[in-house]
Number of protein chains: 2
Amino acid sequence: MTDEAPPEGSPIAAERDAVTALAPDYVVRLREWLSIPSIGTDPAHHPDVGRSAEWLAEALRADGWPTVEVWDGGPALPAVYAHWPAAEPDAPTVLVYGHHDVQPVDPIELWRHPPFEPTLVGDELFARGASDDKGQVAMHLLGLRAHLAATGRMSPAVSVKLLVEGEEESGSPHILELIRAHRDRLACDLVVVTDTAVFNRDAITVVTGQRGLVEAEVTFTSGTMDLHSGRFGGAVPNPAVELAKLVAALHDDDGRVAVPGFYDDVRLPSDVERADFAGLPFDEAAWLAGPGAGVTEATGEAGWSSLERTWVRPTAEVNGLVAGYTGPGVKTIIPHRASAKLSFRLVPDQRPEKIRDLVRAFVDAHTPSAVRAEVRFGGASEPYAAPTDHPATLAVRDALRAAFEQEVRFTRAGGSGPASALHTGLGVATVYFGVGLPDDRIHAPNERVVVPFLLRGAEALAYLWRALPDRMRARRGSDAT
Amino acid sequence: MTDEAPPEGSPIAAERDAVTALAPDYVVRLREWLSIPSIGTDPAHHPDVGRSAEWLAEALRADGWPTVEVWDGGPALPAVYAHWPAAEPDAPTVLVYGHHDVQPVDPIELWRHPPFEPTLVGDELFARGASDDKGQVAMHLLGLRAHLAATGRMSPAVSVKLLVEGEEESGSPHILELIRAHRDRLACDLVVVTDTAVFNRDAITVVTGQRGLVEAEVTFTSGTMDLHSGRFGGAVPNPAVELAKLVAALHDDDGRVAVPGFYDDVRLPSDVERADFAGLPFDEAAWLAGPGAGVTEATGEAGWSSLERTWVRPTAEVNGLVAGYTGPGVKTIIPHRASAKLSFRLVPDQRPEKIRDLVRAFVDAHTPSAVRAEVRFGGASEPYAAPTDHPATLAVRDALRAAFEQEVRFTRAGGSGPASALHTGLGVATVYFGVGLPDDRIHAPNERVVVPFLLRGAEALAYLWRALPDRMRARRGSDAT
């Protein structure tokens, strides 16, 4: 199945030609959308998030989507919902997830073009959100129109629903509320998450999972004020020293997380995934060095490659440390308080609630009697792994192979996202379709999208919508046996 | 010797009466001096440091000191020098050290009276500098006049020189330059440092040493920018984690500093000192709890008491730690840099230069290959221990015993000061004479001096100047044998 050609009789050239014909209009419209600074993490830009939602709704209506709604009544920033049903009553329903909020633009002085004045340089379109995620949402609009144009249909072969939220860059805090409030509208047979990247231009890949996240802040306190290190030094507890001991105990000598029970529920990646990872053209030195990172040596859990360490192995990291005097020069004090911000990346089937309990117990075990410990947990998200043998996963892979004309492998993503919430909240298989590039500089100055690359993505989507009814039907057939 | 009464034939009452008679005028003058905000650490107050020096010079002239100079030509803030020679050509020369700069007053809102509007409440005089160190310098002026009045002499029995510097609260950065520039004027047989406290009101003590200090800042760096903890977490070095390991390795399980060679040159306190320390009425719980410290449990090097840990044992402390994101909420980064401010308190005969070398080697040994380490050393000062069997030490003890009418023990001070620089720079024995109280709240809001206590100190000085020629002569005699 995975090696077969695109569905027989498909005039592949028709999809490509349709994308090519429609593309100029979409690039013009995307530039308009990208000029709206929908920075969801900045309350000053919340009106822009609303304008961005309205812009998208208008674009969808102009494209002919029968149902288009802006959801802005609840606590969430405005989200856009749209539905273009298939004519066939037994056609599967696919919910596409994306987002229209964008990252902040600091440091602004490093941008070569103003981040909200989209600028085409050769085939690259520079703007905040060009790749993450407005460009990829626009790719879906184009992909659907190309599907219709190439097949001559008046409605798509699958019922396509769109959910484009406005809070992804804030950690999607209301995604489960959105799902609960609009359960009927969002009902579907499959979720397609479009907010990820391929491995690189020459190694097109399908993401099959993201890591979860548990955030914690540990604070050690002794007494109520900093003490003079001359008068008291040597005889009273130093919370900074004690906290350093706790942090030092987080990993064993093999780089494994030393929180007891941490690995109990870890599911190993499948053989096909490990083989795919090993087959990727991974240049570790280049990955460590750039862009701008300048790291010179990989480290981590013994027995796993760098890709495996970031994709399928859980971690404990220190995101921040602070104690005592941190300004210029010297202040000879013994701090009375020290804090560490910790984050734990989780993989299937670790559960945030259980990891929180283990972390709390670990902190208790590493708190000397002379200091008081406080653990505050921040946000959490579940890890998620898509089924690698699901017909939708394989259909995505085949569609990408047809469009990009190359072998397509599985990868994972090390970060966290709403896929697990969508999967849990909607109760259906959730797969990834994303064609960002690792050098798109998302979350960084000079974000861009490579326009021809985005068009190939739209072409792949056109193949996907055409092929999916048969692929899903085969699944339902096999489910029924 | 140590148990003998004050020198025979001394009409003790004469010194006490003289202090009582002269005191009101000195309290009035001290209040005037304390109204000058000579905060040496704040450049905005440097003119006030100059005014404070001029005020002191004028007061000394009014008191009859034959030589009075303000030294303000060099890089140091203005210092005051004065000399009142003895008539006897073979009288010993004593250089008294004090300072007229004061600590900042933050947090100002906690003061019950404005810090530079000296306020008498009962027998307490509240003002910044009342105890540290203007009050104790004024005590010297009064003590000398009482000595003259009580003995009927026109000049003191010892040649008294005064050096009152303006940079002690800044760490006396130019003290060695001052000594070098004025070596002839400062030549003496003995230095008396007046800038310390007794154990408490009911346990009068003589300080016999202060700890030295080495300041260091260790920075670990990996790459050039913070990395996303999802994308890179688990596969790249985390300088915060590595630095925590270094800090955790600073002490062994017995609370000893684990820097190899650190204890090589440590001189143990004398038996008489350890016996004196053990005999002090030390309430450990109260010491830990107050004022405002709220520490609940002593910790430190095994085998030593809290007083010994702070007085005669060296330490390694963390004064500050910082890495990554330390603001509110969460930022899921791997910091590219982490820094720790460390300070090492030294005891005789540890040398700052050697300790720096050992610390550098320790950091090298604890720097994993994946991170770069930088060690920057800040200020340093030598530890100092006064000879406990020196006739001047014993004379100070006897003078205090006569004035305060109680047994007097030896203590040390855990902090650092210029005693070692004075001892080294001038090449003579250096002893401490200070009658601050531990609850004078020096360096804190509501600093005060207990006036009757200060007067007892002046009385003790009057005894000291009278007794010192014979005591020193005995020493010179014994040195000659």
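Values below: all heavy atoms of this structure, side chains included; hydrogens, waters and symmetry mates excluded. Throughout, a chain's letter reflects where its sequence line sits, starting with A, and its residues are numbered from 1. All values reported here derive from a predicted model rather than from experimental measurement.
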Q: Non-hydrogen atoms of chain B under 4.5 Å away: do they reach the side chain of A/Leu213, the backbone, both or neither?
A: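 Only the side chain of A/Leu213 comes within 4.5 Å of chain B.
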Q: Closest heavy-atom contact between B/Gly294 and A/Thr224?
A: N-OG1, 4.2 Å
Q: With only heavy atoms counted, which part of B/Ser306 is less than 4.5 Å from chain A, the side chain, the backbone, both or neither?
A: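 For B/Ser306, heavy atoms of backbone and side chain both lie under 4.5 Å from chain A.
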Q: Heavy-atom cut-off 4.5 Å, strictly under: side chain, backbone, both or neither for A/Ile333 against chain B?
A: both
Q: Between chain B and each of A/Ala235, A/Gly300, A/Ala298, A/Gly324, count heavy-atom pairs under 4.5 Å; write down the option with the most.
A: A/Ala235
Q: With rounding to the nearest 0.5 Å, note down the distance linking OG1 in B/Thr332 to CD in A/Glu317.
A: 10.5 Å
Q: At a heavy-atom distance under 4.5 Å, which candidate from A/Arg309, A/Gln210, A/His228 has the highest pair count against chain B?
A: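 Looking at each of A/Arg309, A/Gln210, A/His228 in turn, A/Arg309 comes out on top.
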Q: Can you name the closest pair of heavy atoms from B/Thr315 and A/Gly234 and give their distance?
A: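 Nearest pair, atom of B/Thr315 first, then A/Gly234: CG2-CA, 3.5 Å.
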Q: Examine distances only and state if a side-chain atom of B/Lys341 and a backbone atom of A/Gly327 form a donor-acceptor pair shorter than 3.5 Å.
A: yes
Q: If you count heavy-atom pairs under 4.5 Å between each of B/Thr296, B/Ile334, B/Leu307 and chain A, which one has the most?
A: B/Ile334
Q: Please give me the minimum heavy-atom distance between B/Pro237 and A/Val295, naming the atom from each residue.
A: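 Residues B/Pro237 and A/Val295, closest heavy atoms: CD-CG1, 3.7 Å.
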Q: Looking only at heavy atoms, which two atoms of B/Asn238 and A/Val318 are closest? And how far apart?
A: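 That closest heavy-atom pairing would be ND2-O, 3.0 Å.
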Q: Identify the two heavy atoms, one from B/Asn319 and one from A/Pro335, that lie closest to each other, and give their separation to 0.1 Å.
A: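 Nearest pair, atom of B/Asn319 first, then A/Pro335: O-CG, 3.8 Å.
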Q: By a 4.5 Å heavy-atom criterion (distance strictly below it), what part of A/Glu301 contacts chain B: side chain, backbone, both, or neither?
A: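 A/Glu301 touches chain B through backbone heavy atoms alone.
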Q: Locate the shortest heavy-atom distance separating B/Thr299 from A/Ala370; write the atom from each residue and the value.
A: CG2-CB, 3.8 Å
Q: Among A/Ser222, A/Ala248, A/Ser305, single out the residue with the greatest number of heavy-atom pairs under 4.5 Å to chain B.
A: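 Winner by heavy-atom pair count: A/Ala248.
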Q: List the residues meeting salt bridge (Lys or Arg N to Asp or Glu O under 4.0 Å) with A/Glu308, not counting sequence neighbours, and say none if there are none.
A: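 Checked A/Glu308 against salt bridge (Lys or Arg N to Asp or Glu O under 4.0 Å); matches are A/Arg274.
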Q: Would you call A/Leu321 and B/Thr326 a side-chain contact if the rule is heavy atoms closer than 4.5 Å?
A: no
Q: To the nearest 0.5 Å, what is the distance between CZ on B/Arg231 and NE2 on A/His443?
A: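 Here the interatomic distance stands at 10.5 Å.
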Q: Within a 6.0 Å radius of atom CG on B/Asp254, are there more than 12 heavy atoms belonging to other residues, nucleotides or ligands?
A: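 Yes, enclosed.
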Q: What part of B/Arg345 gets within 4.5 angstrom of chain A, counting heavy atoms only: side chain, backbone, both, or neither?
A: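 Side chain only.
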Q: Is the number of heavy atoms from other residues, nucleotides or ligands under 6.0 Å of A/Asp253 CG greater than 12?
A: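 No, not enclosed.
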Q: Taking heavy atoms only and a threshold strictly under 4.5 Å, list by residue number the residues of residues 240-247 of chain A that touch chain B; give 'none' if the list is empty.
A: A/Ala240, A/Val241, A/Ala244, A/Lys245, A/Val247
Q: Please rank A/Ala323, A/Pro368, A/Gly329 by heavy-atom pairs under 4.5 Å with chain B and give me the top one.
A: A/Ala323
Q: Drop me the distance from B/Ser229's OG to A/Arg211's CZ, to the nearest 0.5 angstrom.
A: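 Taking OG in B/Ser229 and CZ in A/Arg211, the distance rounds to 8.0 Å.
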Q: Highest number of heavy-atom pairs under 4.5 Å with chain B: which of A/Ser369, A/Gly378, A/Ala316, A/Ser416?
A: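 Among the listed options, the one with the most contacts to chain B is A/Ser369.
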Q: So which of B/Glu215, B/Glu297, B/His251 has the largest heavy-atom pair count under 4.5 angstrom toward chain A?
A: B/Glu297
